[in-house]
Trainee: 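Quick one: the structure is below, questions incoming.
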Amino acid sequence: MTRFLDGIPRIDQVDLKNKRVFMRLDLNCPIKDGKVADDTRIKAALPSIKYAIEQGAKLVLASHLGRPESAADKQYSLEPVAERLNELLGTEVLLMEDPASDGPKNLHIGLNQNQIILLENLRFHKGEKKNDVELAHQWASYTDVYINDAFGASHRAHASIVALAESVETKALGFLMFNEVEKLSQILETPESPYWAILGGSKVSDKIQLIENLIDRVDGFVIGGAMAYTFLKAQGIEVGASLVEGDKVKFAGELISRVEARDKKILLPIDHVVAQSLDESAPCKSTESSAIPPEWMGLDIGPKTQMLYREELKNAKTILWNGPMGVFENPNFAKGTMSLASSFAELQDAFTLIGGGDSAAAVNQSGLSDRFSHISTGGGASLEFLQGNELPGISVFKK
Ligand code: AMP
């Protein structure tokens with residue numbers, strides 16, 4: 001087992017029978033027209049929830065949703081999540097309107113086996129984001145066992161993640177947390193070579209710490225997305241009106257030299273799909289080479305680049321992918337990302353890990369998600385972890 005989980009109990013190593021269990025989950029799902037639009041995170045939380053129910057726990061579930069200013073922001077209510085949970089579990093989900101009330105204390109007494117409690121959006125209470133100890137004590141007053149299974153929120157020192165864990169003696173991590181940490185550690189601790197990091201998305205600046213943590217571990221980097229234009233600019237290649245981070249051009253140039261000095265590879269796009277605006281109806285075309293004409297923006301990797309990347313990566317044994325290759329939300333610029341997803345899906349015996357966020361959304365969109373070794377449920381949390389930072393939601397278990 002990974003050193004990151006050393007000494008931390010898992011949910012099935014603590015006694016839950018007849019215990020009042022407070023389970024922090026990440027049920028932060030996209031909501032559209034009052035319904036859950038993507039229930040990936042709810043489904044990912046089911047193993048721990050079902051296990052606790054089977055063990056005879058009296059269960060209080062808790063999560064945040066979006067970024068509400070106050071409890072008046074009703075569009076951030078967990079009501080649609082309660083509904084979806086009810087459908088998936090066949091269990092009555094009692095939604096507590098005020099996440100800080102002591103309602104669960106009384107409800108616990110009469111709770112039958114076919115009922116669970118869900119607290120309203122934890123961020124409806126200001127104390128959640130402030131890691132407020134009093135709020136945590138309120139929750140602890142009706143909690144025998146604390147379970148954290150909210151990987152996607154564990155990079156935040158919030159009351160339900162840190163102060164509550166400090167206030168309850170018996171605690172454990174859920175199945176999802178264990179699985180996430182095991183898979184993400186595998187890529188840091190025991191990756192098999194050839195090991196490639198595929199980095200895309202909008203900004204180099206967001207990925208600098210990740211690159212630094214990976215440079216001595218990987219055999220090569222593959223760069224795509226808007227990030228690529230800062231690197232091409234550093235090589236003196238014309239990038240037209242593409243997104244460039246002017247203050248990161250020097251870093252990009254130095255990085256290319258540092259990677260090559262280690263006898264490793266850094267692959268950059270050799271052609272692009274370009275347009276003059278992001279509008280879906282704006283004409284787009286592929287360039288012949290890596291240079292982009294003035295007034296045109298690079299918005300996806302081109303067909304030659306897709307082939308180059310597929311060819312270079314065909315013997316990979318480990319793939320870490322973070323960030324789309326283009327503006328994949330627009331079908332005109334989604335092909336690069338989708339083609340890469342299908343190349344990875346074809347890899348035999350490779351450990352393929354998607355770092356969550358937009359890349360996870362893209363892989364889900366491609367319909368190939370079951371062909372990957374692991375797709376993280378936490379974008380920000382997985383990035384923090386892979387950058388080498390301890391997550392507060394894990395380190396609190398080691399105190
Ligand atoms: P990130 O949050 O850094 O992973 O970036 C993801 C975002 O980068 C997505 O919303 C993409 O639309 C965007 N993106 C990817 N490639 C490009 C590009 N070539 N130009 C502008 N935006 C891009």
Trainee: Any link between I147 and V81 through a network of hydrophobic side chains (Ile, Leu, Val, Met, Phe, Trp, Tyr) touching at under 4.5 Å?
Mentor: yes
Trainee: Between D271 and S286, is there a side-chain donor-acceptor contact under 3.5 Å, judged purely by atom types and distance?
Mentor: no
Trainee: Carefully, step by step, assess K203 and E245 under the rule salt bridge (charged side-chain N to carboxylate O under 4.0 Å, His left out).
Mentor: CA-CA 7 Å; K203 288 191 186 156; E245 276 177 279; 5.8 Å; no
Trainee: Restricting to non-hydrogen atoms, name the atom on S339 and the atom on S342 that form the minimum distance, rounded to 0.1 Å.
Mentor: O-OG, 3.1 Å
Trainee: State plainly whether the residues E346 and R371 are in salt-bridge range, i.e. N to O under 4.0 Å.
Mentor: no
Trainee: In this structure, would M96 and I53 fall into the same cluster of hydrophobic residues linked by side-chain contacts under 4.5 Å?
Mentor: no
Trainee: Any donor and acceptor pair, going by atom type alone, linking the side chain of Y142 with main-chain N or O of G103 inside 3.5 Å?
Mentor: no
Trainee: Do T170 and D15 have side chains that get closer than 4.5 Å, going by heavy atoms?
Mentor: no
Trainee: Just so I know, are the side chains of I116 and L89 near enough to count as touching, which here means a heavy-atom distance under 4.5 Å?
Mentor: yes
Trainee: Are any side-chain N or O atoms of T318 and backbone N or O atoms of F351, one a donor and one an acceptor, separated by less than 3.5 Å?
Mentor: no
Trainee: Take atom NZ of K171 as the centre, draw a 6.0 Å sphere, and report whether it contains more than 12 heavy atoms from other residues, nucleotides or ligands.
Mentor: yes
Trainee: Any donor-acceptor pair under 3.5 Å linking the side-chain atoms of T377 with those of E180?
Mentor: yes
Trainee: Using modelled atom types only, decide if a donor and an acceptor are shared between the side chain of K207 and the backbone of G200 within a distance under 3.5 Å.
Mentor: yes
Trainee: Between L85 and L61, which heavy-atom pair has the shortest distance, and what is it?
Mentor: CD1-CD1, 3.9 Å
Trainee: Tell me whether the count of non-hydrogen atoms from other residues, nucleotides or ligands lying under 6.0 Å of NZ in K105 goes above 12.
Mentor: yes
Trainee: To the nearest 0.5 Å, tell me how far D300 CG sits from Q306 CD.
Mentor: 6.5 Å
Trainee: Quick one, S154 and N148 - any side-chain contact, counting heavy atoms below 4.5 Å?
Mentor: yes
Trainee: For Q113, look at atom CD and say whether over 12 heavy atoms of other residues, nucleotides or ligands are found less than 6.0 Å away.
Mentor: no
Trainee: Check for me, please, whether L232 and V244 land in the same ILVMFWY cluster - side-chain distances under 4.5 Å, paths through other members count.
Mentor: yes
Trainee: Look at the side chain of W321 and the backbone N and O of G323, then say whether any donor-acceptor pair between them is shorter than 3.5 Å.
Mentor: yes
Trainee: Do side-chain atoms of Y76 reach the backbone of A71 as a donor and acceptor pair under 3.5 angstrom?
Mentor: no
Trainee: I187 vs R217, test: side-chain contact (heavy atoms from CB on, under 4.5 Å). Steps then yes/no.
Mentor: CA-CA 9 Å; I187 213 133; R217 301 176 201 260; over 6 Å; no
Trainee: Could you go step by step and tell me if E254 and K250 meet the salt bridge (charged side-chain N to carboxylate O under 4.0 Å, His left out) rule?
Mentor: CA-CA 6 Å; E254 286 167 2; K250 188 161 168 272; 3.4 Å; yes
Trainee: Is any side-chain heavy atom of R10 less than 4.5 Å from a side-chain heavy atom of F175?
Mentor: yes
Trainee: What are the two closest non-hydrogen atoms of L135 and A100, and how far apart are they?
Mentor: CD1-CB, 3.6 Å
Trainee: With distance as the sole test, does K264 use its side chain to make a donor-acceptor pair with the main-chain N or O of V218 at under 3.5 Å?
Mentor: yes
Trainee: What do you reckon, is NZ of K32 surrounded by more than 12 foreign heavy atoms closer than 6.0 Å?
Mentor: no
Trainee: Kindly indicate, with the supporting measurements, whether the criterion side-chain contact (heavy atoms from CB on, under 4.5 Å) is fulfilled by R3 and E189.
Mentor: CA-CA 9 Å; R3 68 180 170 85; E189 292 175 334; 3.4 Å; yes
Trainee: Looking only at the side chains, is there a donor atom on one of T2 and Q186 sitting less than 3.5 Å from an acceptor on the other?
Mentor: no
Trainee: To the nearest 0.5 Å, what is the distance between CG (L313) and CG (L308)?
Mentor: 8.5 Å
Trainee: Charged N to carboxylate O below 4.0 Å: is that the case for R123 and D73?
Mentor: no
Trainee: Could you tell me how the ring of F344 sits relative to the ring of F372: parallel (under 30°), tilted (30 to 60°) or perpendicular (over 60°)?
Mentor: perpendicular
Trainee: Could you walk me through whether R20 and T143 pass side-chain contact (heavy atoms from CB on, under 4.5 Å), step by step?
Mentor: CA-CA 5 Å; R20 297 167 303 167; T143 300; 5.7 Å; no
Trainee: Can you name the closest pair of heavy atoms from G326 and T337 and give their distance?
Mentor: N-OG1, 3.5 Å
Trainee: Between R84 and P80, is there a donor-acceptor pair closer than 3.5 Å when you use the side chain of the first and the backbone of the second?
Mentor: no
Trainee: Could you check whether any side-chain heavy atom of L268 comes within less than 4.5 Å of a side-chain heavy atom of I256, counting everything from C-beta outward?
Mentor: yes
Trainee: For Q115, look at atom CD and say whether over 12 heavy atoms of other residues, nucleotides or ligands are found less than 6.0 Å away.
Mentor: yes
Trainee: Which value, rounded to the nearest 0.5 Å, describes the distance between I266 atom CD1 and I211 atom CD1?
Mentor: 7.0 Å
Trainee: Can you find a pair of side-chain heavy atoms, one from N332 and one from V273, that are under 4.5 Å apart?
Mentor: no
Trainee: Dump the intermediate steps for side-chain contact (heavy atoms from CB on, under 4.5 Å) on W139 and V168, then the final yes or no.
Mentor: CA-CA 9 Å; W139 291 327; V168 180; over 6 Å; no
Trainee: Please find the pair of heavy atoms, one from L27 and one from I42, that lie closest to each other, and give the distance.
Mentor: CD2-CA, 4.1 Å
Trainee: Identify the two heavy atoms, one from S382 and one from S376, that lie closest to each other, and give their separation to 0.1 Å.
Mentor: CB-OG, 3.5 Å
Trainee: Answer with yes or no after comparing the ring centroid distance for F385 and F4 against a 6.0 Å cut-off, counting only values under it.
Mentor: yes
Trainee: If you round to the nearest 0.5 Å, how far is CD of E128 from CG of L119?
Mentor: 10.5 Å
Trainee: Give every residue pair that meets the side-chain hydrogen bond (donor to acceptor under 3.5 Å, both in side chains) criterion with at least one member in residues 351-370, sequence neighbours excluded.
Mentor: T352-S373
Trainee: Kindly say whether G127 contributes a backbone atom to a donor-acceptor pair with the side chain of H125 at under 3.5 angstrom?
Mentor: yes
Trainee: Could you tell me whether the side chain of N179 reaches within less than 4.5 Å of the side chain of H374, counting heavy atoms only?
Mentor: yes
Trainee: Just by distance, do the side chain of R41 and the backbone of D26 share a donor-acceptor pair under 3.5 Å?
Mentor: no
Trainee: For the pair E295 (side chain) and A241 (backbone), establish whether a donor and an acceptor sit closer than 3.5 Å, ignoring hydrogens and angles.
Mentor: no
Trainee: Are more than 12 heavy atoms, taken from residues, nucleotides or ligands other than E97, located less than 6.0 Å from that residue's CD atom?
Mentor: no
Trainee: Looking at CG of D132 and CD of Q138, how far apart are the two atoms once the value is rounded to the nearest 0.5 Å?
Mentor: 11.0 Å
Trainee: With a 4.5 Å cut-off on side-chain heavy-atom distances among I, L, V, M, F, W and Y, is there a chain of contacts connecting L267 to I223?
Mentor: no
Trainee: Looking at NZ of K233 and NZ of K248, how far apart are the two atoms once the value is rounded to the nearest 0.5 Å?
Mentor: 15.0 Å
Trainee: For atom CD of E329, is the number of surrounding heavy atoms from other residues, nucleotides or ligands below 6.0 Å larger than 12?
Mentor: yes
Trainee: Any side-chain heavy atom of K265 within less than 4.5 Å of one from W196?
Mentor: yes
Trainee: Treat each ILVMFWY residue as a node, draw an edge where side-chain heavy atoms are under 4.5 Å apart, and state whether M177 and L46 are in one component.
Mentor: no
